[in-house]
Novice: 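Handing you this structure, nothing more for now.
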Amino acid sequence: MLSGDDQRSRAFAKPAFSEAQACALVESVFGFKVSKIRPLPSYDDQNFHICISRAKDTADGPTEYVLKINNTESSKTPDLIEVQSCIIMFLRAAGFPTASVCRTKGDNITSLVSVDSGSEIKSYLVRLLTYLPGRPIAEVPMGPQLLFEIGRLAAKLDKTLEKFHHPQLSSLHREDFIWNLKNVPLLEKYLHALGQNRNREIVEQVIQRYRDEVMTKLSQFRECINHGDLNDHNILIEPSESACGDATYRVSGVVDFDDMSYGYYVFEVAITIMYMMVESKTPVQVGGHVLAGFESIVPLTPVERGALFLLVCSRFCQSLVMAAYSCQLHPENEEYLMITAKTGWKHLQQMFDTGQKAVEEIWFDTAKSYESGISM
């Protein structure tokens, strides 16, 4: 359990810039005059959607951006944030709907800004990214075709990053990063946030099964760079008409690369399945469609498939435990932090009650149905 001092330092790590301060930051670091600003939700950083004014002689270029202000902890890892920013640009060049990264007046990707808080000077890394159109997929009903496309997107993203190179690439080996599925046992030090109840019992069972059944097989999984957070608020969509005139959706944006790290292909599909389950009325059915899309690009091995159920349960545990813990530190951000928790505990319990064999049967049968061109 963290001491009171540790909790306070974590609580103060999140930036708390006012809109006026954020506007001044954009002007001083990037040279843009802000005409409109509004805060965007964020887990432990601070984000603003801004519109800029352009002079008549510089009318070209985007006018909407996202100002990202990293918390004090992640601001201590500038190499990692530079790699993440370069990945965003690399993926955009490869045809993915990611943002453009705006350079500072000094022609850098990031800028370290120091703020005197009275008792100490705090430093924050800031970036400016172009604002992507669309709305989160959380806001629309997700049918089989959209779930398939999202699974396919996840696999294509990881596969494309096999070709990415950077001198600081090793910074993505984040050994103690709580959101990497390698580090599920680290959740134990945050379990106090749950109290004593069935939810905690399930999490403890998942952690123990992870140790017994997943950690022993990690060396058999295929390694890659993971986005690590393809949740239903980080994938944006826009309406698109299909060939037969039906209203469908296309992915218009992939955002939030802050959880990127080295992991495995099976991690990415497990994380994606879990987040696509969150808003679904039939959550257990979701996995097969996402898996089919993923395997259309990167078929999983039998060992990877065998770990999928526990990895999805593990990601639920990471999300739900850390949300409960973060709510203790940031009660003012509870609405955003508890998005997954609204349905997550129910879905996790349902998976446990249904059992691994029955859930796998649903997933694998659904994925197989795509091979014959008949999706379930």
Novice: Indicate, with yes or no, if Ile362 and Val266 share a hydrophobic cluster defined by side-chain heavy-atom contacts under 4.5 Å among Ile, Leu, Val, Met, Phe, Trp and Tyr.
Specialist: yes
Novice: Counting C-beta onward and ignoring hydrogens, is there a side-chain heavy-atom pair between Ile50 and Leu128 closer than 4.5 Å?
Specialist: yes
Novice: Do Val113 and Ile81 belong together in a cluster built from hydrophobic side chains that touch within less than 4.5 Å?
Specialist: no
Novice: Could you list all the salt bridge (charged side-chain N to carboxylate O under 4.0 Å, His left out) pairs where at least one residue sits in residues 352-363, not counting sequence neighbours?
Specialist: Arg198-Asp353
Novice: Is the closest side-chain heavy-atom distance between Arg305 and Trp363 below 4.5 Å?
Specialist: no
Novice: For Asn234, does its backbone N or O pair with a side-chain atom of Asn231 as donor and acceptor, under 3.5 Å?
Specialist: yes
Novice: Over 60° means perpendicular and under 30° means parallel, so tell me whether Tyr264 and Phe221 are parallel, tilted or perpendicular.
Specialist: perpendicular
Novice: Any sub-3.5 Å donor-acceptor pair from Ser314's side-chain atoms to Leu310's backbone N or O?
Specialist: yes
Novice: Main chain of Cys51, side chain of Tyr131: is a donor-acceptor contact present, judged purely on distance under 3.5 Å?
Specialist: no
Novice: When rounded to the nearest 0.5 angstrom, what distance separates CD1 in Ile137 from CG in Leu236?
Specialist: 9.0 Å
Novice: Rounded to the nearest 0.5 Å, what separates atom SG in Cys224 from atom CG in Asp158?
Specialist: 4.0 Å
Novice: I need the minimum non-hydrogen distance between Ser75 and Asn70, along with the two atoms involved.
Specialist: OG-O, 3.3 Å
Novice: Write down the atom of Lys105, the atom of Glu27, and the distance for their closest heavy-atom approach.
Specialist: NZ-O, 3.8 Å
Novice: Can Glu204 and Gln208 be counted as having a side-chain donor-acceptor contact under 3.5 angstrom?
Specialist: no
Novice: Can you tell if the side chain of Val254 reaches within under 4.5 Å of the side chain of Leu230, non-hydrogen atoms only?
Specialist: yes
Novice: Can you tell me how far apart CD1 (Ile69) and CG (Leu125) are? Round to the nearest 0.5 Å.
Specialist: 11.0 Å
Novice: By the salt bridge (charged side-chain N to carboxylate O under 4.0 Å, His left out) test, which pairs, at least two apart or in different chains, include something from residues 320-329?
Specialist: none
Novice: Is there side-chain contact between Leu186 and Phe177, with heavy atoms separated by less than 4.5 Å?
Specialist: no
Novice: Can you name the closest pair of heavy atoms from Pro133 and Ser252 and give their distance?
Specialist: O-OG, 2.9 Å
Novice: Taking Arg38 for its side chain and His49 for its backbone only, find out whether a donor-acceptor pair lies under 3.5 Å.
Specialist: no
Novice: Between Arg127 and Gln84, does a side-chain hydrogen bond (donor to acceptor under 3.5 Å, both in side chains) hold up when you go through it step by step?
Specialist: CA-CA 11 Å; Arg127 285 172 292 168; Gln84 290 167 344; 4.8 Å; no
Novice: Might you work through the side chain to side chain contact (heavy atoms under 4.5 Å, CB included) test for Arg200 and Asn197, ending with a clear yes or no?
Specialist: CA-CA 5 Å; Arg200 179 166 176 161; Asn197 48 42; 3.7 Å; yes
Novice: Using a 4.5 Å cut-off on heavy atoms from C-beta on, say whether the side chain of Thr77 contacts that of Arg174.
Specialist: no
Novice: Provide the full list of side-chain hydrogen bond (donor to acceptor under 3.5 Å, both in side chains) pairs with a residue in residues 177-186, sequence neighbours left out, each pair given once.
Specialist: Asn180-Ser261
Novice: Looking at side-chain heavy atoms only, is the closest gap between Pro15 and Asn71 below 4.5 Å?
Specialist: yes
Novice: Just to verify, what does Arg222 make a side chain to side chain donor-acceptor pair (under 3.5 Å) with, not counting sequence neighbours?
Specialist: Glu304
Novice: Check whether any side-chain heavy atom of Leu169 sits under 4.5 Å from a side-chain heavy atom of Ile225, and report yes or no.
Specialist: yes
Novice: Is there a side chain to side chain contact (heavy atoms under 4.5 Å, CB included) between Met142 and His289 once you walk through the steps?
Specialist: CA-CA 11 Å; Met142 277 181 278; His289 302 293; over 6 Å; no
Novice: With rounding to the nearest 0.5 angstrom, report the CG to CG distance, Leu129 to Asp256.
Specialist: 10.0 Å
Novice: List, by chain and number, the other hydrophobic cluster members for Ile121, where Ile, Leu, Val, Met, Phe, Trp and Tyr join if side-chain heavy atoms come within less than 4.5 Å, directly or indirectly.
Specialist: none
Novice: Where is the tightest heavy-atom contact between Phe257 and Leu91, given as atom of each residue plus distance?
Specialist: CE2-CD1, 3.5 Å
Novice: Can you name the one residue among Val359, Val284, Thr343 that meets side-chain contact (heavy atoms from CB on, under 4.5 Å) with Gln350?
Specialist: Val284
Novice: Of all the heavy-atom pairs spanning Thr248 and Ser240, show the shortest one and how long it is.
Specialist: OG1-O, 2.5 Å
Novice: Would you say the side chain of Met274 lies within less than 4.5 Å of the side chain of Gln318, judging by non-hydrogen atoms?
Specialist: no
Novice: Hey, does the side chain of Lys14 reach the backbone of Ser42 with a donor-acceptor pair shorter than 3.5 angstrom?
Specialist: yes
Novice: Verify the ring-centre separation between Tyr275 and His233: is it less than 6.0 angstrom?
Specialist: no
Novice: Are Leu187 and Leu218 linked, directly or through intermediate hydrophobic residues, by side-chain heavy-atom contacts shorter than 4.5 Å (ILVMFWY only)?
Specialist: yes
Novice: For Val101 versus Ser85, what's the shortest heavy-atom pair and its separation?
Specialist: CG2-O, 3.8 Å
Novice: Could you grab the distance from atom CD of Glu371 to atom OG of Ser296, nearest 0.5 Å is fine?
Specialist: 11.0 Å
Novice: Looking only at the side chains, is there a donor atom on one of His227 and Glu268 sitting less than 3.5 Å from an acceptor on the other?
Specialist: no
Novice: Does one hydrophobic cluster hold both Val251 and Met276, with members joined at side-chain heavy-atom distances below 4.5 Å?
Specialist: yes
Novice: Hey, would you say the Phe17 and Tyr124 ring centroids sit under 6.0 Å apart?
Specialist: yes
Novice: Between Phe30 and Tyr65, is the ring centre distance below 6.0 Å?
Specialist: no
Novice: Please walk me through it: do Asp44 and Ser326 pass side chain to side chain contact (heavy atoms under 4.5 Å, CB included)?
Specialist: CA-CA 9 Å; Asp44 51 12; Ser326 297; over 6 Å; no
Novice: Take Tyr370 and Glu295 through the test side chain to side chain contact (heavy atoms under 4.5 Å, CB included) and record every step on the way to the result.
Specialist: CA-CA 10 Å; Tyr370 280 82; Glu295 290 197 314; over 6 Å; no
Novice: For Glu238, enumerate each residue passing the salt bridge (Lys or Arg N to Asp or Glu O under 4.0 Å) test, keeping only those at least two apart in sequence or located in another chain.
Specialist: Arg250
Novice: Would you confirm whether His347, through its side chain, and Met277, through its main-chain N or O, come within 3.5 Å as a donor-acceptor pair?
Specialist: yes
Novice: Shared ILVMFWY cluster between Met260 and Val255, side chains joined below 4.5 angstrom?
Specialist: no
Novice: Fit a plane to each ring of His192 and Tyr325, take the angle between them on a 0 to 90° scale, and name the class: parallel (under 30°), tilted (30 to 60°) or perpendicular (over 60°).
Specialist: perpendicular
Novice: For the atom pair OG1 (Thr104) and CG (Asp107), what is the distance rounded to the nearest 0.5 Å?
Specialist: 6.5 Å
Novice: Would you call Glu213 and Lys217 a salt bridge, taking side-chain N to carboxylate O under 4.0 Å as the test?
Specialist: no
